[in-house]
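Data block below; observations after.
The sequence lines fix the lettering, A, B, ..., with proteins before strands; numbering per chain opens at 1.
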Amino acid sequence: MMRTITRILLPVVLCTSLPGQLKEPQTTPDNQLAPQPTLYDSVVKIEVATQVPDYRTPWNSGRFSGGTGTGFIIGPNQILTNAHVVSDNRRLLVTRRGSSQKHVARVRHIAHDCDLALIELQDFRPFEGLPYLDIGGMPKLESRVSAIGYPVGGERLSVTQGVVSRIDFSSYSHSRADSHLVIQIDAAINPGNSGGPVVQDGKVVGVAFQGNTQADNVGYIIPTPVVKRFLKDISDGKYDHYMDLGISPFPLFNPAMRKAYQLPADGKGVLVANVVPGGPADGILERGDVLLSIDGNTIDSAGNIRIAGEFVDMNEIVERKFAGDKVSLTLIRKGEALKKDLILREFPYSRIYAIQYEEVPRYTFFAGLVFQPLNLNLFATFKFDDRRLRQIFADYVSRGLFKDMEDVVVLTRVENDRLTTRMGGFTGIAVSKVNGQKIKTLRQLHEILNAPNPPEYHVIEFNGGNRPLVIPSAEVPAAQKRIMAQVGITKAAQLD
Amino acid sequence: MKKLLFALVLLQPLVAAPEDSLVRINSTIQTYSASQPWEKTPPRSRRGLGTLLAGNRILTTAAMAADSIYIELQSADSTQTVPAKVTAIDYEANLALLTPDAGPGFLSELKATEIASPAKPNDEIELLQLETNGDPLSTTGKIRSMELLSTFVSGRYFLGYVVKASMQTSGNSFTLPAFRNDKLTGILTSYDSKDQICDVISIDIISAFLKDAEDGNYEGFPSLGIGTATTEDPHFRGWLKLPEDKGGLYVTRVLPKGSAAKAGMKKGDVILGVGGFAIDRRGYFEHPDYGKLFWPHLVRGGPIMGSKVAIEVLRDGNVQTIEATLEKSPAPLVPGYLYDEAPPFLIKGGLVFQELSKPYLEAFGKDWATRAPLNLLDVLSSPEDYEEGRRRVVVLTRVVATEATIGYDRLGSQIIKSVNGNAVKGLPELAKALETVPENGIHTIETDEEPYQIFLDEALSDRVDRDFVTRGLPTLKRLYEVE
């Protein structure tokens, strides 16, 4: 079974007559001598067996599946590929070109926010001597590039050629939450190409990673600034994720708005419309500040800056930085010019909006009730329609709701049983209190419900709910045993 | 089939036959555009039947009269017409009284019908339609059950009959009178041809409506102003200490300023009885003549405005009786309907402000409950979280591109908190706050979403507004008086 490596991600191959060193050596069938290895030989096929958890039945093992993708050698035992090729894997096998021997590999670093991963072989020796692909720069618009990989349609290496048609800031569908620089090329893309190199003049200018279901002959590649950032981020042995200022900018085009913030009509400065509570800018920037420059680059009223002649979003400065890096800002606050520095750091709460991989879904099962913390995986699985829950999800970061409820605990399921017979109407809404205590984490809810000497009734209140749900605690132990056996649950909770 | 029905008609007594009271009603309906409230949508027409009552009054449904801009009464044979006006209307009970707007014309040739005494289950009733040529078309049906029905405004339930009848559908929309012993006994509002079941407004509700309208000042049906949940869940009952032999309705919400709130009812109370009738765990009581009925009938079905009703509640495990004086439900934060009301709005420099209403949200289309802006839907489902300091919720609904709204184009659906520091209780208050121009000539509008503050230049918006008027906008505001 072939996994179409991610929904709209179709890896790309571009073909062209390859420049000098990539040119396929002429081999004839009767040539018994092994040819000199070329860069083509450094492009490997990755077979992956996956196990994807099912958030609907989090106690189950999940779906077993698999697929293929492409990777390329960039250094000693360093194979670069897409994160989506190797996500949720239970087994990775790498095959060299022209060989059928499969070599066991494992993920060394994975970055879901930029869809890149570095994998390594258990034993690199069979691959020694193969050239390492160089990471180059940005290709020019209209220039030709070649994508190399192992797409569907055949067993052997495939090469496709295309033209760089657009360089843009665009979304990376693997996490469903991130946007970075993307290069669009006009080559057809096929499943299996993901993770393959896109080369120009013998150097890698991108990694093929996704297609477009609404357009033919369009492929997207991850450009080298993103690849280089990933490689630099992991150079300390750990991937820290992309950084974010944690503010919402609002354009300052309106003359009345500019006047109210005491700004001249010079088209400069962007408004800080919101500061994410607890984010890196919290305590440094305030709502109503007007940002004038970032690291010395003048910010215009739409929040754009100019770097090396290119007109880009000011966020591009932050995109290139790492956890612990400093950002220098000049701003106007209530008419007063200020200079502020802020230190970038990870802000894990915003990951609630990104699909999670390699994670075992957390849950607790209590007398037929299944409680799970809200994240995008859960939302995508259950398609919640409760307005209050959707509002909480939308406001979780921007209004700092995570401070009071790190986990938004949702009652996702009520298993049918004589104890739960009238409780079906409570699914899909967020728990606010259990036994009078405000719920901040799944673990806390689990501990309250499973505390020794429980009250006569457990009382569970819901955010926006009509009435509390009550469970007679005396009936819980028998019900828990009975329902777990009926439903086939062997583990009552997964709290980490 | 037609022949058979004709035969039935011929069997009717010749004097004061029900069909002698039938009037065709043609009404032209026009509503305001939800997104451009200064305009009306194209008119539609609706056709139904009315019944002549004593005193030149014509009874029909509210559906026939709501949002009407012109109503015409037509003789059964469609040869004569008389314009009419609405004298009383109840959108929730779906009833309206019309009277000729000029001389009675052909109405003087008709015979007013009398009001029947209350019907009971299994009574036979006669449903009347009019053929194109003016001949009556009668169908006999049987009252299968008495139930609380919601026939026009959703979620408002009134006593009605569920009638089994095999009807031939003629040109009229379903507003048809029902008779019993040649007296008016109800109005049919819908017919399901597959199951051959129709909903009929009961004479009990019609009588109460007519009585209320007698003095020319229609007040409407009272309401307790509460939200409830059933108590079938045995564990929930155990926790509430509800005895097995009792029913009980759990109070989930008490509308501020409503009859129940004034009587001291609290969220978490369990209603055991209303007006001497025990309420079961699903909210039903046993009516001596009608069978099981949903509890609101005890508030809306008989008692009139201002009368008192005793409510037995369980609170903290103790049974107590509270006495509520029945009143109309308090004005809601988010109106559920706006029939015959021009929605208020205010345009200032291209910013369009409106008061949030359910019809506004419904205008987002068939899937409005998921497609409308989430923050506004939240107000509709949890108004109690927005009630403080507000009579209505004022929303910046859209931004018309003007010189004054440069940079604001992507704003919309922002709930307004204050203007120039004055809290906004409703649209008139917002308009008033904008009348005082701050020293720097710039209004500050505070919202509850990013960017939280919007600024508007008074001089510039003034110029833009004048331009709106010259370019065909009939008016820049439609406000109402605040008490």
Side-chain angles (χ1 to χ4, degrees), chain A residues 247-262 270-275 287-288 301-302 367 383-395 398-399 418-426 455-459 463-476, chain B residues 227-241 250-253 267-268 270 281 349 369-370 372-382 384-385 403-411 438 440-445 447-461:
Chain A
I247 60 165
S248 301
F250 187 84
L252 273 175
F253 300 145
N254 193 276
M257 207 161 200
R258 297 196 68 88
K259 205 169 151 192
Y261 288 113
Q262 305 173 46
V270 72
L271 180 69
V272 177
N274 193 25
V275 178
R287 196 187 283 173
S301 55
K383 313 221 174 346
F384 298 118
D385 58 6
D386 180 66
R387 289 168 192 165
R388 185 46 67 89
L389 185 63
R390 288 168 61 207
Q391 185 77 55
I392 289 171
F393 190 56
D395 290 345
S398 64
R399 294 194 199 262
R418 70 188 96 122
L419 179 73
T420 59
T421 174
R422 299 280 182 182
M423 299 179 185
F426 289 92
E456 188 186 355
Y457 288 97
H458 290 293
V459 179
N463 216 316
N466 266 341
R467 69 154 174 99
L469 191 161
V470 294
I471 305 166
S473 56
E475 293 185 35
V476 168
Chain B
T228 60
T230 62
T231 62
E232 297 141 292
D233 178 354
H235 314 308
F236 187 48
R237 296 182 64 83
W239 177 67
L240 291 167
K241 298 190 173 60
Y250 182 79
V251 177
T252 57
R253 182 162 193 245
K267 183 180 170 173
V270 181
R281 11 190 117 176
T370 47
L374 195 53
N375 62 330
L376 304 185
L377 287 171
D378 194 55
V379 184
L380 182 70
S381 39
S382 307
E384 60 275 14
D385 294 348
E403 214 181 319
T405 58
I406 292 170
Y408 296 161
D409 310 276
R410 67 170 188 176
L411 298 179
N440 63 355
I442 290 173
H443 295 291
T444 306
I445 299 158
T447 76
D448 75 340
E449 295 222 6
E450 293 169 17
Y452 296 98
Q453 284 191 323
I454 303 167
F455 300 94
L456 198 63
D457 187 300
E458 169 66 17
L460 187 57
S461 63

Checklist entry - How many angstroms lie between NE2 in H235(B) and OG1 in T420(A), if you round to the nearest 0.5 Å? => result 7.5 Å

Checklist entry - Between S381(B), A404(B), P234(B), S461(B), which has the largest tally of heavy atom pairs under 4.5 Å with chain A? => result S381(B)

Checklist outcome for this item: Of all heavy-atom pairs linking G407(B) and F250(A), the shortest is O-CZ, 3.6 Å

Next on the checklist: Among N466(A), D395(A), V459(A), L252(A), which residue has the highest count of heavy-atom pairs closer than 4.5 Å to chain B?
Outcome noted: N466(A)

Item to check | Which atom of D457(B) lies closest to which atom of K259(A), heavy atoms considered | outcome: OD2-NZ, 4.3 Å

Next on the checklist: Quick check on Y457(A) against chain B: is it the side chain, the backbone, both or neither that has a heavy atom closer than 4.5 Å?
Outcome noted: side chain

Next on the checklist: Which label fits F455(B) and Y261(A): parallel for a plane angle under 30°, tilted from 30 to 60°, or perpendicular past 60°?
Outcome noted: perpendicular

Checklist entry - Does R467(A) make a cation-pi contact with F236(B) (under 6.0 Å, within 45 degrees of the axis)? => result yes

Checklist outcome for this item: Heaviest contributor of heavy-atom pairs below 4.5 Å to chain A, chosen from T228(B), V251(B), L377(B), L380(B), is L377(B)

Checklist entry - Quick one: are L271(A) and Y452(B) in side-chain contact, heavy atoms under 4.5 Å? => result no

Checklist entry - Heavy-atom distance under 4.5 Å to chain A: side chain of T405(B), backbone, both or neither? => result backbone

Next on the checklist: In the structure I gave you, are the side-chain heavy atoms of R390(A) and T370(B) within less than 4.5 Å of one another anywhere?
Outcome noted: yes

Checklist entry - Taking only residues two or more places apart in sequence or in another chain, which ones pass ring pair (Phe, Tyr, Trp, His ring centres under 6.0 Å) with H458(A)? => result F366(A)

Checklist entry - Taking C-beta and beyond as the side chain, do P251(A) and R410(B) meet within less than 4.5 Å on heavy atoms? => result yes

Item to check | Considering all heavy atoms, the nearest Q391(A)-D378(B) contact | outcome: OE1-CB, 3.8 Å

Checklist outcome for this item: Heavy-atom nearest pair, A394(A) first then L374(B), reads CB-CD2, 4.4 Å

Next on the checklist: For a quick check under 3.5 Å, do N274(A) and E450(B) share a side-chain donor-acceptor pair by atom type?
Outcome noted: yes

Checklist entry - Taking only residues two or more places apart in sequence, or in another chain, which ones meet E456(A) in a side chain to side chain donor-acceptor pair (under 3.5 Å)? => result none

Item to check | Toward chain A, the part of E449(B) with a non-hydrogen atom under 4.5 Å | outcome: both

Checklist entry - Between M257(A) and Y408(B), which heavy-atom pair has the shortest distance, and what is it? => result SD-CE2, 3.5 Å

Item to check | Under 4.5 Å from any heavy atom of chain A - which part of L411(B) | outcome: side chain

Checklist entry - Using non-hydrogen atoms only, which part of N375(B) is less than 4.5 Å away from chain A: side chain, backbone, both, or neither? => result both

Checklist entry - For V272(A), is it the side chain, the backbone, both or neither that has a heavy atom under 4.5 Å from a heavy atom of chain B? => result neither

Next on the checklist: Taking side chain as everything from C-beta outward and backbone as N, CA, C, O, which of these in E384(B) sits under 4.5 Å from a heavy atom of chain A? Side chain, backbone, both or neither.
Outcome noted: neither

Item to check | Choice from G288(A), A273(A), A256(A) maximising heavy atom contacts with chain B below 4.5 Å | outcome: A256(A)

Checklist entry - By a 4.5 Å heavy-atom criterion (distance strictly below it), what part of R258(A) contacts chain B: side chain, backbone, both, or neither? => result neither

Item to check | Side chain / backbone / both / neither for L419(A) at chain B, heavy atoms under 4.5 Å | outcome: both

Checklist outcome for this item: On a heavy-atom basis, the closest approach of N254(A) and I406(B) is ND2-O, 2.8 Å

Checklist entry - Contact part of P468(A) toward chain B, heavy-atom cut-off under 4.5 Å: side chain, backbone, both or neither? => result both

